[in-house]
Amino acid sequence: MRIGELAERTNVPTRLLRYYEEQGLLSPNRAANGYRDYPEELVDRVTQIRGLLDSGVPTRIIKQILPCLDDPCTIHVTDATPELIASLEQQRDQMDARIRCLARNRDAINAYLDVVRRDTH
DNA sequence: TTTCTTACA
DNA sequence: TGTAAGTA
């Protein structure tokens with residue numbers, strides 16, 4: 001499929017699909033006219049990349065674990081280099097921090113909602 | 001019409 | 001990331 005279709009199916013703008021390619025996250029084939037040609041499997045891969053990016057994982061690290069990504073939300077390391085282990089541990093810590101931050105804001109919003117409901121009702 | 005590259009905000 | 005220009 002061409003970039004436009006992949007963009008629609010993944011909800012990722014074409015601008016970003018080209019950017020991910022530039023970062024080494026994607027490597028589509030080229031048609032005779034120069035258009036990028038993506039295989040079906042890339043739909044899931046792009047979804048996976050989006051998930052990691054939205055979790056705060058930088059493209060440079062995604063690039064490292066990309067070959068370890070299979071089914072949705074699955075990461076299995078086969079070539080665990082010390083550097084990769086270190087960066088993954090750092091990423092995990094950053095994720096934990098974000099999760100705690102989100103949890104606090106969620107709780108704060110819930111508390112606010114509770115008082116609003118009490119006043120309104 | 002869609003995609004491509006390059007470049008700027 | 002979004003958008004613009006000029007093509008193929």
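Chain A is the first sequence line, chain B the second, and so forth, proteins listed ahead of strands; every chain is numbered from 1.
In this structure, A:Leu102 shares a hydrophobic cluster with no other residue, the cluster being traced through Ile, Leu, Val, Met, Phe, Trp and Tyr side chains under 4.5 angstrom apart.
Residues passing the salt bridge (Lys or Arg N to Asp or Glu O under 4.0 Å) test with A:Glu41, sequence neighbours excluded: none. With sequence neighbours excluded, the residues that form a side chain to side chain contact (heavy atoms under 4.5 Å, CB included) with A:Gln90 are A:Gln94. Under the rule for a salt bridge (Lys or Arg N to Asp or Glu O under 4.0 Å), A:Glu8 has no partner lying at least two apart in sequence or in another chain. Applying the salt bridge (Lys or Arg N to Asp or Glu O under 4.0 Å) rule to A:Arg36 yields the partners A:Glu21; only residues at least two apart in sequence or on another chain are considered. With sequence neighbours excluded, the residues satisfying side chain to side chain contact (heavy atoms under 4.5 Å, CB included) with A:Asn33 are A:Ala31, A:Tyr35.
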Dot-bracket for DNA chain B, 5' to 3', Watson-Crick and G-U pairs with both distances under 3.5 Å, [ ] for crossing pairs, | for partner on another strand, reads .|.||||||
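Rounded to the nearest 0.5 Å, atoms CG (A:Leu52) and OG1 (A:Thr47) are 12.0 Å apart.
Mapping heavy-atom proximity under 4.0 Å, the span of DNA chain C touched by chain A runs 5' to 3' from C:dT1 to C:dA8.
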Letter by letter from the 5' end, nucleotides 3-9 of chain B scores (B base, S sugar-phosphate only, - none; protein heavy atoms under 4.0 Å) BSB-B--
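Listed by first and then second residue, the side chain to side chain donor-acceptor pair (under 3.5 Å) pairs that reach into residues 52-61 of chain A are A:Arg50-A:Asp54, sequence neighbours excluded. Identified under the salt bridge (Lys or Arg N to Asp or Glu O under 4.0 Å) test for residues 86-95 of chain A, with sequence neighbours left out: none.
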Would you list the atom pairs, donor with acceptor, under 3.5 Å between side chains in residues 103-110 of chain A and any protein atom, with sequence neighbours excluded?
none

